Student: 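Have a look at this one before I ask anything.
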Amino acid sequence: MNTSLLSVEGLSKDFKYFTFGTVDFHVEIGTVVALIGENGSGKSTLFRLLLNILHADEGKITFFGEDRQVDDAQFKQSVGYAGNLLDAFPYISIKELSHMISYWYDNWNEDRYRYFCERYAIDERMKFGRCSTGIKKKVEFILSICHNPKLLILDEPSSGVDIKSQRKMKEDIIEFMEDGTRSTIIATHSVDEITHLSDILIVLHDGKIVNSMNKDDIYENWARVWVSDLKESIINHTNTVDVMYDSKQIITNHLPNLEQMLTTENITITHTQSLKIGEVIDYLIPQN
Amino acid sequence: MQLPIKVSEDSREPIYHQIETQIKTLIISGQLPPDTPLPSIRVLSHDLACSVITTRRAYQDLENKGLIKTVQGKGTFVKKLEGKDKDNEKLKIAMYTFEKAIQQTQQIGCTEEEIIEIFDKVFKQHFDQKGEME
């Protein structure tokens with residue numbers, strides 16, 4: 001059985017002051033991928049390349065086992081994207097925007113659209129350009145999900161959104177993912193979204209993927225370790241990520257490997273603790 | 001529904017195993033009676049902040065052991081346990097609980113003899129206290 005929904009191989013694009021790629025990754029059916037990285041790391045560029053808004057120099061994108069380029073229209077029917085595309089229409093009301101967008105989708109569900117407008121208290125008469133940042137985000141989210149896509153691509157969907165609506169958005173993404181036949185890629189700076197929504201983490205830095213892992217690998221492998229003695233061999237070990245000298249504390253990204261070394265060095269571990277995702281993210285992004 | 005389970009920060013036990021053991025305990029103890037609907041894999045993953053890959057594995061294991069059942073399109077439910085199976089699982093959980101306690105006491109340097117002595121002491125203390133209360 002083919003379990004890959006999206007597969008990206010050798011994707012790259014050169015800009016005047018920025019090089020994106022080469023990037024390779026897979027998105028399995030039924031998973032939420034969190035795309036993490038600092039501002040300017042290439043998250044939005046990746047999305048634009050996936051959607052063909054930008055044309056890649058090199059690379060192959062496969063969607064449900066088929067080359068994405070073969071049937072562009074079909075691909076777009078199956079993808080929902082929320083990420084600052086609507087800013088081009090500031091003088092159009094939300095209602096008109098919804099007509100304009102729904103026109104292109106065979107699967108547009110007007111009842112769903114009505115339901116979401118009510119749920120997020122959207123006043124459809126508002127001109128899009130006059131909406132606050134948070135309301136724009138909500139409208140983009142709603143307009144990305146009403147045609148029942150297979151892949152949802154969200155670019156910082158909750159930034160600027162009020163706390164109550166952030167919770168609703170999280171519920172709606174969970175509901176979208178519920179039957180296990182769809183996938184979501186979410187670029188986010190929200191530790192809460194990474195912790196509670198995602199299954200896989202992909203870390204982008206300077207246009208390249210520098211880390212990619214199952215979220216639970218962090219729980220299984222990363223740890224804060226208190227040791228009886230700090231020797232050179234521990235401090236310089238490949239799996240030692242950080243050292244707190246005064247408290248004889250180590251952050252490791254692979255506890256089993258470190259333990260093995262400690263045993264041969266006759267050093268005892270006095271305590272271990274798993275790390276929270278928020279603590280690990282800092283270590284996943286390289287220092288400039 | 002929210003299940004009263006959590007992933008421990010200090011445990012080295014894999015997450016799927018922690019979930020499995022805790023749900024099993026809730027079922028055997030009767031806190032989750034037969035036919036109780038369980039949260040979906042996606043919702044449980046959200047509540048426990050773990051990936052669906054992990055939660056799915058825990059549910060699959062529980063299903064293989066005959067403790068829960070998945071009804072297509074309806075969700076996952078607690079299964080009715082037959083007497084013998086129930087006793088069997090009860091014994092397994094009880095043994096596992098003591099096993100963990102022994103491991104922890106060994107970690108702080110207790111010998112086998114000491115552990116037996118401690119067990120006797122705690123055992124007496126616990127049941128004597130209960131006796132007084134009655």
Side-chain angles (χ1 to χ4, degrees), chain A residues 3 27-34 167 169-184 190-201 213-226 252 255-256 258-259 268-280, chain B residues 1-23 37-63 68-77 100 103-111:
Chain A
T3 57
V27 179
E28 299 283 309
I29 296 173
T31 58
V32 177
V33 174
R167 182 184 49 77
M169 234 180 229
K170 226 163 53 179
E171 285 170 6
D172 292 337
I173 296 169
I174 288 173
E175 201 213 344
F176 172 79
M177 294 300 299
E178 190 60 51
D179 76 350
T181 65
R182 307 188 180 96
S183 303
T184 298
S190 152
V191 173
D192 179 68
E193 280 172 0
I194 300 167
T195 308
H196 291 285
L197 275 182
S198 74
D199 306 303
I200 306 288
L201 309 184
M213 67 189 76
N214 177 336
K215 184 175 69 180
D216 297 344
D217 288 349
I218 291 176
Y219 182 87
E220 315 275 344
N221 290 326
W222 285 69
R224 189 186 301 280
V225 182
W226 283 261
T252 177
L255 185 55
L258 192 82
E259 264 180 326
T268 44
I269 293 177
T270 54
H271 194 73
T272 63
Q273 201 175 54
S274 61
L275 290 166
K276 294 205 169 56
I277 287 165
E279 298 175 284
V280 172
Chain B
M1 79 171 288
Q2 190 130 13
L3 293 178
I5 62 179
K6 64 180 261 217
V7 174
S8 159
E9 246 174 62
D10 298 302
S11 172
R12 295 284 304 282
E13 202 185 327
I15 303 177
Y16 78 88
H17 203 254
Q18 292 187 37
I19 299 173
E20 207 187 305
T21 314
Q22 291 180 59
I23 295 182
L38 293 174
S40 73
I41 287 171
R42 179 54 70 182
V43 168
L44 186 62
S45 303
H46 166 268
D47 295 345
L48 299 176
C50 62
S51 87
V52 286
I53 301 149
T54 299
T55 334
R56 190 176 299 125
R57 179 160 179 197
Y59 271 23
Q60 254 157 19
D61 284 356
L62 287 166
E63 191 154 3
I68 63 173
K69 59 178 177 228
T70 304
V71 183
Q72 201 68 43
K74 286 200 170 141
T76 308
F77 302 88
K100 268 212 304 211
Q103 277 172 7
Q104 275 172 10
T105 25
Q106 272 179 325
Q107 258 171 29
I108 54 167
C110 293
T111 62

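Here is how names work: the chains are called A, B, and so on, in the same order as the sequence lines, proteins then strands, and each is numbered from 1. These numbers come from the heavy atoms of this one structure, side chains and all, not from hydrogens, waters or symmetry mates. Everything quoted here is computed from the prediction, not taken from an experiment.
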Student: For the SG atom of B:Cys50 and the CG atom of A:Asn214, what is their distance to the nearest 0.5 Å?
Tutor: 9.5 Å
Student: Can you say whether A:Leu275 sits under 4.5 Å from chain B via the side chain, the backbone, both, or neither, judging by heavy atoms?
Tutor: neither
Student: Atom CE in A:Met177, atom OG in B:Ser40: separation rounded to 0.5 Å?
Tutor: 11.0 Å
Student: Quick check on side-chain contact (heavy atoms from CB on, under 4.5 Å): which of A:Leu197, A:Ile173, A:Val32 does B:Arg42 satisfy it with?
Tutor: A:Val32
Student: Please rank A:Lys276, A:Glu259, A:His271, A:Glu28 by heavy-atom pairs under 4.5 Å with chain B and give me the top one.
Tutor: A:Glu259
Student: Measuring heavy-atom distances to chain B, does A:Gln273 have an atom under 4.5 Å in its side chain, in its backbone, in both, or in neither?
Tutor: both
Student: Under 3.5 Å, side chain of B:His46 to main-chain N/O of A:His196, donor-acceptor pair present?
Tutor: no
Student: Show me the pairs that pass salt bridge (Lys or Arg N to Asp or Glu O under 4.0 Å) and involve residues 172-182 of chain A, at least two apart or across chains.
Tutor: A:Arg112-A:Glu175, A:Arg119-A:Asp172, A:Asp179-A:Arg182
Student: Check whether any side-chain heavy atom of B:Ile53 lies under 4.5 Å from a side-chain heavy atom of A:Lys215, and answer yes or no.
Tutor: no
Student: With chain B, which of A:Ser274, A:Ala223, A:Gly30, A:Ser198 has the greatest number of heavy-atom pairs at distances under 4.5 Å?
Tutor: A:Ser274
Student: At a heavy-atom separation under 4.5 Å, does B:Glu13 approach chain A through its side chain, its backbone, both, or neither?
Tutor: backbone
Student: With a 4.5 angstrom heavy-atom cut-off, could you sort out which part of A:Ile200 is near chain B: side chain, backbone, both or neither?
Tutor: side chain
Student: In Å, rounded to the nearest 0.5 Å, how long is the span from OG of B:Ser51 to CG of A:Asp216?
Tutor: 4.0 Å
Student: Answer yes or no: are there more than 12 heavy-atom neighbours, outside A:Lys170 itself, under 6.0 Å from its atom NZ?
Tutor: yes
